[in-house]
Amino acid sequence: QVQLVESGGGLVQAGGSLRLSCAASKLTFSRYGVGWFRQVPGKEREFVAAISQNGDTTTYADSVKGRFTISRDNTKNTAYLQLTSLKPEDTAVYSCAAAYMLASSVVVTTALRYDYWGQGTQVTVSS
């Protein structure tokens with residue numbers, strides 16, 4: 001059974017940093033684009049960042065551009081999201097997702113396009 005497991009969340013002060021990891025198993029990771037999404041209770045899930053199969057293409061939500069960096073290591077079946085200059089409004093449950101891709105440089109920002117999801121990791125930013 002395919003699994004995506006996030007880790008690295010926690011409590012951090014505004015201006016701080018965190019590195020989230022998304023470890024994948026039971027899938028050919030290099031054939032999947034990866035996305036990170038976040039959700040606050042009572043609000044819709046929000047796209048954060050996405051990376052293509054081979055890592056050469058990335059895209060970000062405007063709200064995190066310049067502060068967050070998505071990356072991946074296909075040899076470790078793991079994707080990462082580096083969060084810097086964190087703000088209280090970044091507080092949310094962050095989830096990674098994987099979407100099977102036919103093309104190597106495509107990124108996907110739509111949640112419905114993703115095939116597998118992790119359980120999420122909580123990020124809390126205090127002011």
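What you see below is based on every heavy atom in this structure, not just the backbone, and it leaves out hydrogens, waters and symmetry mates.
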Can you get from [X] to [Y] by hopping between Ile, Leu, Val, Met, Phe, Trp and Tyr side chains that sit under 4.5 Å apart?
| X | Y | result |
| --- | --- | --- |
| Val125 | Leu20 | yes |
| Val48 | Trp117 | no |
| Val64 | Tyr80 | no |
| Leu102 | Ile51 | no |
| Ile70 | Phe37 | no |

Of the non-hydrogen atoms in [X] and [Y], which two are nearest, and what is the gap between them?
| X | Y | answer |
| --- | --- | --- |
| Gly33 | Tyr114 | O-CE2, 4.0 Å |
| Leu4 | Ala24 | CD2-CB, 3.5 Å |
| Ser127 | Pro88 | CB-CG, 3.8 Å |
| Leu18 | Gly8 | CD2-O, 3.8 Å |
| Ser105 | Asp56 | OG-OD2, 2.9 Å |
| Phe29 | Asp73 | CE2-O, 4.3 Å |

Crowding at CD, Glu89 (>12 non-hydrogen neighbours, <6.0 Å): yes
Rounded distance (nearest 0.5 Å) linking atom OG1 of Thr121 with atom CG of Leu81: 11.0 Å
Interatomic distance, Cys22 atom SG to Arg72 atom CZ [nearest 0.5 angstrom]: 9.5 Å
Spell out, as yes or no, whether a donor-acceptor pair under 3.5 Å connects the side chain of [X] to the backbone of [Y].
| X | Y | value |
| --- | --- | --- |
| Asn54 | Arg31 | no |
| Arg67 | Ser63 | yes |
| Thr78 | Lys76 | yes |
| Gln53 | Met101 | yes |
| Thr91 | Thr124 | no |
| Arg38 | Ala92 | no |

Distance flag, aromatic centroids of Phe47 and Tyr60, threshold under 6.0 Å: no
Flag for Gln82-Thr84: side-chain donor and acceptor within less than 3.5 Å: no
Side-chain heavy atoms of Phe68 within contact of Leu86, under 4.5 Å: yes
Aromatic plane relationship, Tyr100 with Tyr32 - under 30° parallel, 30 to 60° tilted, over 60° perpendicular: perpendicular
Derivation of the side-chain contact (heavy atoms from CB on, under 4.5 Å) call for Glu6 and Cys96: CA-CA 7 Å; Glu6 302 95 336; Cys96 66; 3.6 Å; yes
Intermediate values then yes/no, side-chain contact (heavy atoms from CB on, under 4.5 Å), Glu46 and Trp36: CA-CA 9 Å; Glu46 176 188 16; Trp36 285 93; over 6 Å; no
CA sep, side-chain torsions, deciding dist, call: Lys65, Asp62, salt bridge (Lys or Arg N to Asp or Glu O under 4.0 Å): CA-CA 5 Å; Lys65 202 170 293 184; Asp62 288 342; 3.1 Å; yes
Residues Thr59, Thr57; criterion side-chain contact (heavy atoms from CB on, under 4.5 Å); working and verdict: CA-CA 7 Å; Thr59 190; Thr57 305; over 6 Å; no
